[in-house]
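Reading through the structure tokens given below for one structure.
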Amino acid sequence: MIIAMDGPAASGKGTLGRKLAEKFDLAYLDTGALYRAVGLSLKRAGHGPEDADRAAHAAKTLDSDLLNDPELRSEQVGHMASIIAANPVVRANLLAFQRDFAHQPPSGKAGAVLDGRDIGTVVCPDAHVKLYVSASDPVRARRRLHELQAKGVATDYETVLADLLERDRRDSQRATAPLKPAQDAVLLDTTELDIESAFERACQIVDQWQRS
Ligand SMILES: Nc1ncnc2c1ncn2[C@@H]1O[C@H](COP(=O)(O)OP(=O)(O)O)[C@@H](O)[C@H]1O
Ligand SMILES: Nc1ccn([C@@H]2O[C@H](COP(=O)(O)OP(=O)(O)O)[C@@H](O)[C@H]2O)c(=O)n1
């Protein structure tokens, strides 16, 4: 079973994706981490995200150590990732890894959950279950703010909201693999749902597919 989870920043894709993978004994891949790792590698080398050739090269020779680097989750690296992610060569260079993960999941797992922006539309158009996870802008900004504050990052609501909206706009408007629900995706709006209620709903959707 392949589960595709897409949606805007801080909607809850990763939280639900990890929980679904655990419950259904599937491998889990946070594809945003790949774009972030390309951003971090450019940042460390002193280059900007607009450097298309360097970004394409970094995506082709991705340093897997960066995937566990604490700086990966910073807002600055998220910002760089969304600029880099508009580069079609970067996307092409990361595609095979994501597809291989979905179709030959590691550790002998019988399937995989992938979360990102284009999983249901481009990476795994053949996914068995596609979820498009959303939440209102203020709710997403508050969730991300709490997450950053819990890590000791000094920021404020307005900055976090502006950053999310800017990334959403860039992700939705790019020409290659823009953020949008696949035609056959089930929409899951988590604005009014806590994590457990959202997870319950996601499990119902997966159960429904398994019974069909
Ligand atoms: N339904 C929810 N209710 C409250 N907080 C949530 C919910 N879903 C996720 N969160 C919290 O919001 C933050 C962003 O969630 P995350 O899963 O990382 O989003 P995404 O992967 O879409 O960027 C995390 O701190 C997470 O714990
Ligand atoms: N499949 C994906 C995953 C991420 N991305 C890009 O990578 C950035 C960071 O993704 P992320 O999933 O880590 O972001 P958050 O939702 O965690 O804030 C996004 O803003 C997108 O620009 C993408 O283009 N395609």
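Side chains included, hydrogens not; waters and symmetry mates left out as well; all remaining heavy atoms used. Order of appearance sets the numbers: ligands from 1, and atoms from 1 within every ligand. Remember, it's a predicted structure, so these values are computed and weren't measured experimentally.
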* Drop me the distance from Y28's OH to M5's CE, to the nearest 0.5 angstrom. => 8.0 Å
For [atom], find the nearest protein heavy atom and state the residue, atom name and distance (0.1 Å precision).
| atom | value |
| --- | --- |
| atom 22 (O) of ligand 1 | K13 NZ, 2.8 Å |
| atom 16 (P) of ligand 1 | T15 OG1, 3.6 Å |
| atom 23 (O) of ligand 1 | A10 N, 2.9 Å |
| atom 25 (O) of ligand 1 | E147 OE1, 3.4 Å |
| atom 7 (C) of ligand 1 | I195 CG1, 3.3 Å |

* Salt bridge check: are D69 and R44 linked by an N-O gap of less than 4.0 Å? -> yes
* To do: Answer with side chain, backbone, both or neither: which part of D194 has a heavy atom less than 4.0 angstrom from an atom of ligand 1?
  => backbone
* Under the salt bridge (Lys or Arg N to Asp or Glu O under 4.0 Å) rule, what do E22 and K19 come out as? Steps first, then yes or no, please. => CA-CA 5 Å; E22 195 183 344; K19 286 172 80 70; over 6 Å; no
Numbering as shown, the atoms of ligand 1 that approach [X] to under 4.0 Å (heavy-atom distance):
| X | answer |
| --- | --- |
| G14 | 17 (O), 20 (P), 21 (O) |
| G12 | 8 (N), 9 (C), 15 (O), 16 (P), 17 (O), 19 (O), 20 (P), 22 (O) |
| L193 | 1 (N), 2 (C), 3 (N) |

* To do: Kindly indicate, with the supporting measurements, whether the criterion salt bridge (Lys or Arg N to Asp or Glu O under 4.0 Å) is fulfilled by E147 and R143.
  => CA-CA 6 Å; E147 189 182 344; R143 287 178 186 167; over 6 Å; no
* Asked: What pair of heavy atoms forms the shortest contact from A56 to V90, and how long is it?
  -> N-CG2, 3.8 Å
* Check whether any N or O atom of D115, backbone or side chain, sits under 3.5 Å from an N or O atom of ligand 1, and answer yes or no. => no
* Looking only at N/O atoms, are A9 and ligand 1 under 3.5 Å apart anywhere? -> no
* Which is closest to atom 11 (C) of ligand 1 in terms of heavy atoms, R117, R143, R144? -> R143
* Asked: Would you say the side chains of R140 and S11 form a donor-acceptor pair under 3.5 Å?
  -> no
* Check whether the side chains of R169 and S82 place a donor and an acceptor atom closer than 3.5 Å, and report yes or no. => no
* With a 4.0 Å cut-off on heavy atoms, is S11 touching ligand 1? -> yes
* Asked: Do you reckon L20 sits in the same ILVMFWY cluster as V186, going by side-chain contacts under 4.5 Å, direct or chained?
  -> yes
* **D189 and R201: CA distance, side-chain angles, deciding distance, salt bridge (Lys or Arg N to Asp or Glu O under 4.0 Å) verdict** => CA-CA 10 Å; D189 182 346; R201 178 70 194 117; over 6 Å; no
* Structure fact -> Quick note, salt bridge (Lys or Arg N to Asp or Glu O under 4.0 Å) partners involving residues 104-126, not counting sequence neighbours, are D25-K109, R91-D118, R117-D171
* **Selection residues 29-43 - residue pairs positive for salt bridge (Lys or Arg N to Asp or Glu O under 4.0 Å), sequence neighbours left out** => D30-R73, K43-E71
* To do: Just jot down the salt bridge (charged side-chain N to carboxylate O under 4.0 Å, His left out) partners of K130, sequence neighbours excluded, or say none.
  => D184
* To do: Write out the protein residues near ligand 2, meaning a non-hydrogen atom under 4.0 Å from one of its atoms, in order of chain and number.
  => A9, A10, K13, T31, G32, Y35, R36, R73, A81, S82, A85, R91, G116, R117, D118, R144, R167, D171, R174
